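Nothing here was measured: the structure is a model prediction, and the numbers come from that model.
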Amino acid sequence: MLSTRAASSVVYAIAVVDEDPKTRTRLAVQLGERAHAGVFASLDSVTERAGEVPVVLVIGPSFAESDRLALVASMIRNRPNTAAVLAVHELSTQIMQHAIRAGVSDVVQLPVDEAQLTESVERAAQTLTIAPAGPAPSDEVEGAPLDRGRVTTIFSTKGGTGKSVIACNLAVQLARTSEKPVVLLDADLQFGDVAVMLKLTPRHTIVDAVANIDRLDQNLLRSLLVRHERSGVYVLASPLEPGFADQVNGPDMTKIIQLLSTFAGHVIVDTPSHFNEVNLAVLEHSDDIIIVAGMDIPAIKNVKIGLQVLRLLDMPVSRVRLLLNRANAKVKLDIGEVERTLQIKAEILMPSDVLVPQSVNKGNPAVLEAPKSAVAKSIEQLADLIKQSAPVR
């Protein structure tokens, strides 16, 4: 029989799985008061017994080989309400990499004490907290387009402008007033920082969505999101390694964004600082494009080129909004001169403040860290601009 626990609002079962009966018994004993958890020799047995109940698997060393981990990865893909903790005799970088790629939440080395194993199980269980499921909507209602959420893309043509900071803070601010979920999509597929900035350890990434693109629906996509508990924002994280970026293409990204917008009130997309097939697909399907510029000549020059590219691509000017970051920096650049150079008005002026790097290092967005600060007020102003109009798609 599977023992059940609670992680936040999610009730989950704990199953110990290993081919060796002595090992799985020892792991069950290590779970202390959870010793009545189900003990199984195979993953198939867990699936048969668990049904649709969310499960945290504590898998033993017999699953440490790459071919056995592939079975775990397959189960996690086919049964998204499953998390896994791997216990091994000897922990190595190679095992850790294979485990992460398989979707395992944590790896512990045997012998493991009760406290460490309990902590690993509870941490894995937190990833089972997903957006509440609802009825899958149809694409049209009596011939009229479905009321979709607003897609806002944060973009810059130069790195280091604070783009990811703005994306995280904007999502948190919008979540305060949105009746529907707010989803933050990290589309910086090589070096995305969203999960790090929010102190999240996602079990799934956008690569999992692409791997299941042919059968991807609203419920499956919901299960791949990780929730930022303090704000309620849901995150679809970027790949764990830069090499996985090649697995995502423009049409896949378009489908993911469109599907997210069927149940989210707002989809905030953080992007890399360059144009490519995926980024162009994101920009094309955005209701708002927030161009972030720093107060320095190279940044302004790159933004000007970026705006020219958007015009050549026939992106409606009404979608584009300019945000000047560190606008109060004493760098002898006049805001009016910047606006004339770029031929666009700066609608948001965000001040330079030591609060920003401090909040990033704490993993706590500035709008939560210091809600009355000038930085938070700028984010609030940006959120208000976005909420003023309906999606243009």
Side-chain angles (χ1 to χ4, degrees), residues 77 80 130-155 167 170-171 174-175 178-189 192 194 202 204-227 233-239 244-272 275-290 310 313-316 318-321 386-387 389-393:
R77 281 196 304 271
I130 60 176
S138 59
D139 289 334
E140 293 187 351
V141 178
E142 295 182 356
L146 184 70
D147 181 19
R148 295 178 180 268
R150 193 169 188 82
V151 178
T152 301
T153 294
I154 314 298
F155 181 61
L170 176 60
L174 287 168
S178 178
E179 295 180 357
K180 293 183 177 181
V182 172
V183 177
L184 177 53
L185 167 60
D186 194 344
D188 189 345
L189 301 177
V194 164
H204 297 292
T205 73
I206 192 170
V207 173
D208 296 294
V210 171
N212 294 279
I213 200 70
D214 291 337
R215 67 185 190 94
L216 192 65
D217 59 13
Q218 188 186 107
N219 289 334
L220 177 54
L221 187 54
R222 285 175 184 265
S223 73
L224 303 179
L225 307 178
V226 58
R227 189 174 189 267
V233 169
Y234 292 91
V235 174
L236 183 56
S238 61
F244 292 157
D246 293 339
Q247 298 180 28
V248 185
N249 60 37
D252 290 345
M253 183 64 79
T254 297
K255 180 173 181 177
I256 290 168
I257 288 175
Q258 290 178 335
L259 197 51
L260 286 172
S261 68
T262 63
F263 64 85
H266 292 276
V267 180
I268 309 301
V269 189
D270 188 21
T271 57
F275 289 105
N276 59 19
E277 178 204 2
V278 174
N279 228 10
L280 290 174
V282 171
L283 293 168
E284 183 180 353
H285 291 86
S286 299
D287 300 301
D288 297 289
I289 302 170
I290 311 301
L310 293 179
L313 294 172
D314 293 326
M315 296 283 181
S318 58
R319 296 189 193 181
V320 181
R321 302 178 186 275
I386 290 169
K387 290 186 291 186
S389 54
V392 298
R393 283 165 289 123

- Message: Let's go through Thr262 and Arg148 carefully: what are the C-alpha distance in whole Å and the side-chain angles of both, what is the deciding distance for side chain to side chain contact (heavy atoms under 4.5 Å, CB included) to 0.1 Å, and is it a yes or a no?
- Response: CA-CA 5 Å; Thr262 63; Arg148 295 178 180 268; 3.1 Å; yes
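Of the possible donor and acceptor atoms, one in the side chain of Asp287 sits under 3.5 Å from a partner among the backbone N and O of Val151. A donor-acceptor contact shorter than 3.5 Å links the side chain of Arg319 to the backbone of Ser286. Judged by distance alone, with hydrogens and angles left aside, the side-chain atoms of Arg150 form no donor-acceptor pair with the main-chain N or O of Lys387 at under 3.5 Å. The main-chain N or O of Ile213 is found under 3.5 Å from a side-chain atom of Lys255 such that the two form a donor-acceptor pair.
To the nearest 0.5 Å, atom CG of residue Asp252 and atom CG of residue Asn212 are 11.0 Å apart. For the atom pair OG1 of Thr271 and CG of Asp188, the computed distance is 7.5 Å after rounding to the nearest 0.5 Å. One distance of note links CD1 of Ile206 with CG of Leu221; it measures 9.0 Å at 0.5 Å rounding. Annotation: the span from Ile154 atom CD1 to Leu185 atom CG amounts to 11.5 Å, rounded to 0.5 Å. The OG1 atom of Thr152 lies 4.5 Å from the CD1 atom of Ile268; values are rounded to the nearest 0.5 Å.
For the pair Phe263 and Lys180, the tightest heavy-atom approach, listed with the atom from each and the gap, is O-CB, 4.0 Å. Minimum heavy-atom separation, Ile256 to Ala209: CD1-CB, 3.9 Å.
Annotation: side chain to side chain contact (heavy atoms under 4.5 Å, CB included) contacts of Ala281 (sequence neighbours excluded): Thr254.
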